[in-house]
K.L.:
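Sharing a structure here in structure tokens format.
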2 protein chains.
Amino acid sequence: MREFYTITELTREFGVSTRTLRFYEDEGLIAPVRRGRTRLFRPGDRHLIKQIMRGKRLGFSIAEIREIVQMYKEPPGEAGQMRAIVDRVEEKRAELRQKRKDIEETLAELDQVEENCLNRLAELRVAS
Amino acid sequence: MREFYTITELTREFGVSTRTLRFYEDEGLIAPVRRGRTRLFRPGDRHLIKQIMRGKRLGFSIAEIREIVQMYKEPPGEAGQMRAIVDRVEEKRAELRQKRKDIEETLAELDQVEENCLNRLAELRVAS
DNA sequence: TGCGCAATTGACTTTTACGTAAGAATTTTT
DNA sequence: AAAAATTCTTACGTAAAAGTCAATTGCGCA
């Protein structure tokens with residue numbers, strides 16, 4: 001695994017602009033190290049960006065994505081903190097399950113649309 | 001099934017404002033009938049709103065949602081049109097499958113987070 | 001050492017998806 | 001009928017998530 005990535009390498013890989021990655025840094029989602037003023041992205045940063053993109057595809061806001069990635073990296077703390085995290089994890093899971101249900105329903109309706117189209121095509125073939 | 005719903009009935013059911021429903025009408029997502037100037041929403045409109053909310057939860061933009069609901073109601077046309085719709089349906093399905101994959105991955109990572117927390121809690125209990 | 005390219009910061013702009021407020025018209029309630 | 005509530009249109013405002021532009025800065029290299 002490579003030690004560092006430049007910002008443009010990652011913009012190409014993920015199909016985003018440099019502005020976007022810098023914006024995510026401003027927002028506290030990633031924290032690449034610097035050589036002088038130039039950002040150097042490590043594999044960990046790259047993986048974080050992957051998680052951010054996933055969150056974006058699922059329609060989570062930056063704030064929500066921040067919450068999620070913070071859960072990933074929360075250091076082992078005391079019991080109360082642990083329980084709080086477990087609770088927040090369960091909340092997010094509930095949201096994700098809702099989204100999954102929404103997807104299944106939408107897929108089912110699209111199946112219906114396709115079937116109607118194919119039936120219609122069959123009719124046209126008979127009629128002609 | 002009721003014949004008509006008022007705008008506030010639906011705002012309460014779906015947890016949105018009247019502004020939002022009027023906005024969706026401006027955007028061509030719904031087209032309630034009128035009695036005078038007042039909007040009357042039929043069951044079909046209500047169902048459309050349900051689909052819109054699903055789209056929103058999945059992070060689709062208004063433009064994307066418009067595309068989807070238009071596929072639902074496209075009237076039976078000629079063969080070329082049918083094939084075009086089938087293609088667009090397949091595109092949307094691909095997007096939805098990607099989202100579903102994103103959900104599975106996120107759920108798996110959240111499971112991991114929870115497990116770490118529970119392990120940590122167990123450790124704390126032993127140590128005390 | 002001078003050139004060009006990539007990277008940086010900062011400021012301003014844009015788009016999306018509504019929120020909010022004003023004022024008039026209708027409808028409903030008392 | 002008068003008061004209260006709902007709805008309407010129109011218009012301006014705003015937060016989030018970047019896009020765009022300008023003015024540097026620094027690195028690789030011929």
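Residue numbering restarts at 1 for every chain, and letters A, B, ... go by the order of the sequence lines.
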K.L.:
For B:Arg22, give me all partners under salt bridge (charged side-chain N to carboxylate O under 4.0 Å, His left out), at least two apart in sequence or on another chain.
P.N.:
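Per chain and number, B:Arg22 pairs via salt bridge (charged side-chain N to carboxylate O under 4.0 Å, His left out) with no residue.
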K.L.:
Which pairs of donor and acceptor atoms, one on a side chain in residues 42-49 of chain B, lie under 3.5 Å apart (sequence neighbours left out)?
P.N.:
| residue | atom | partner | partner atom | Å |
| --- | --- | --- | --- | --- |
| B:Arg42 | NE | B:Asp45 | OD2 | 3.3 |
| B:Arg42 | NH2 | B:Ala31 | O | 3.0 |
| B:Arg42 | NH2 | B:Asp45 | OD2 | 3.4 |
| B:Asp45 | OD2 | B:Arg42 | N | 2.9 |
| B:Arg46 | NE | B:Glu13 | OE1 | 2.9 |
| B:Arg46 | NE | B:Glu13 | OE2 | 3.2 |
| B:Arg46 | NH2 | B:Glu13 | OE2 | 2.9 |

K.L.:
Do you reckon A:Val69 sits in the same ILVMFWY cluster as A:Val33, going by side-chain contacts under 4.5 Å, direct or chained?
P.N.:
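As far as the 4.5 Å side-chain criterion goes, A:Val33 and A:Val69 are not connected within one cluster.
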K.L.:
Residues two or more places apart in sequence or in another chain: which of them pass side-chain contact (heavy atoms from CB on, under 4.5 Å) with B:Ala63?
P.N.:
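If we apply the side-chain contact (heavy atoms from CB on, under 4.5 Å) test to B:Ala63, skipping adjacent residues, the hits are B:Ser61, B:Arg66.
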K.L.:
Carefully, step by step, assess A:Glu104 and A:Lys101 under the rule salt bridge (charged side-chain N to carboxylate O under 4.0 Å, His left out).
P.N.:
CA-CA 5 Å; A:Glu104 302 305 341; A:Lys101 195 176 148 204; over 6 Å; no
K.L.:
Answer yes or no: is there an ion pair linking A:Arg88 with A:Glu91, defined by an N-O contact shorter than 4.0 Å?
P.N.:
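Here A:Arg88 does not pair with A:Glu91 in a salt bridge, since their nearest N and O are not under 4.0 Å apart.
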K.L.:
Rounded to the Å, how far apart are A:Phe23 CZ and D:dA15 P?
P.N.:
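Taking atom P of D:dA15 as the reference, CZ of A:Phe23 is at 14 Å.
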K.L.:
Using the test salt bridge (charged side-chain N to carboxylate O under 4.0 Å, His left out), find all partners of B:Glu95 that sit at least two apart in sequence or belong to another chain.
P.N.:
B:Lys92
K.L.:
Specify the residues of residues 38-61 of chain A, ordered by number, for which at least one heavy atom lies under 4.0 angstrom from an atom of DNA chain D.
P.N.:
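Output list: A:Lys56, A:Ser61.
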K.L.:
Within the 4.0 Å heavy-atom criterion, would you say B:Arg34 contacts the bases, only the backbone, or no part of the nucleic acid?
P.N.:
sugar-phosphate
K.L.:
When you check the side-chain N and O atoms of B:Thr20 and B:Ser17, is any donor under 3.5 Å from an acceptor?
P.N.:
yes
K.L.:
Side chains of residues 70-83 of chain B: which donor-acceptor pairs under 3.5 Å do they make with residues two or more places apart or in other chains?
P.N.:
| residue | atom | partner | partner atom | Å |
| --- | --- | --- | --- | --- |
| B:Tyr72 | OH | A:Glu109 | OE1 | 3.1 |
| B:Glu78 | OE1 | B:Gly80 | N | 3.0 |

K.L.:
How would you list, by chain and number, every residue that makes a side chain to side chain donor-acceptor pair (under 3.5 Å) with B:Asn116, sequence neighbours excluded?
P.N.:
none
K.L.:
Heavy atom of residues 6-22 of chain B under 4.0 Å from DNA chain D: which residues?
P.N.:
B:Thr6, B:Ile7, B:Thr8, B:Arg19, B:Arg22
K.L.:
Identify whether the distance between the nearest side-chain nitrogen and carboxylate oxygen of B:Glu9 and B:Arg2 falls below 4.0 Å.
P.N.:
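Yes, charged N to carboxylate O under 4.0 Å.
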K.L.:
Measure from CG on A:Asp26 to C1' on D:dA18 and round the result to the nearest Å.
P.N.:
12 Å
K.L.:
Heavy atom of residues 64-72 of chain A under 4.0 Å from DNA chain D: which residues?
P.N.:
none
K.L.:
How would you give the extent of chain B contacts on DNA chain C, as first and last nucleotide 5' to 3' within a 4.0 Å heavy-atom cut-off?
P.N.:
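With heavy atoms of chain B under 4.0 Å away, the range is C:dA17 to C:dA25.
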K.L.:
Should A:Arg97 and A:Glu90 count as an ion pair when the cut-off is N to O under 4.0 Å?
P.N.:
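Salt bridge: yes.
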K.L.:
Using only side-chain N and O atoms of A:Tyr24, determine if any of them is under 4.0 Å from OP1 or OP2 of D:dA17.
P.N.:
no
K.L.:
Go through the structure and list residues passing side chain to side chain donor-acceptor pair (under 3.5 Å) with B:Arg37, not counting sequence neighbours.
P.N.:
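Per chain and number, B:Arg37 pairs via side chain to side chain donor-acceptor pair (under 3.5 Å) with no residue.
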K.L.:
Can A:Phe14 be reached from A:Phe60 by stepping across I, L, V, M, F, W or Y side chains whose heavy atoms are under 4.5 Å apart?
P.N.:
yes
K.L.:
Can you name the one residue among B:Arg57, B:Lys99, B:Arg54 that meets side chain to side chain donor-acceptor pair (under 3.5 Å) with A:Asp102?
P.N.:
B:Arg57
K.L.:
Which angle, to the nearest 10 degrees, lies between the helix axes at the two ends of the helix from C:dT1-D:dA30 to C:dT30-D:dA1, each defined by five pairs?
P.N.:
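Inter-axis angle at the termini of the helix from C:dT1-D:dA30 to C:dT30-D:dA1: 20°.
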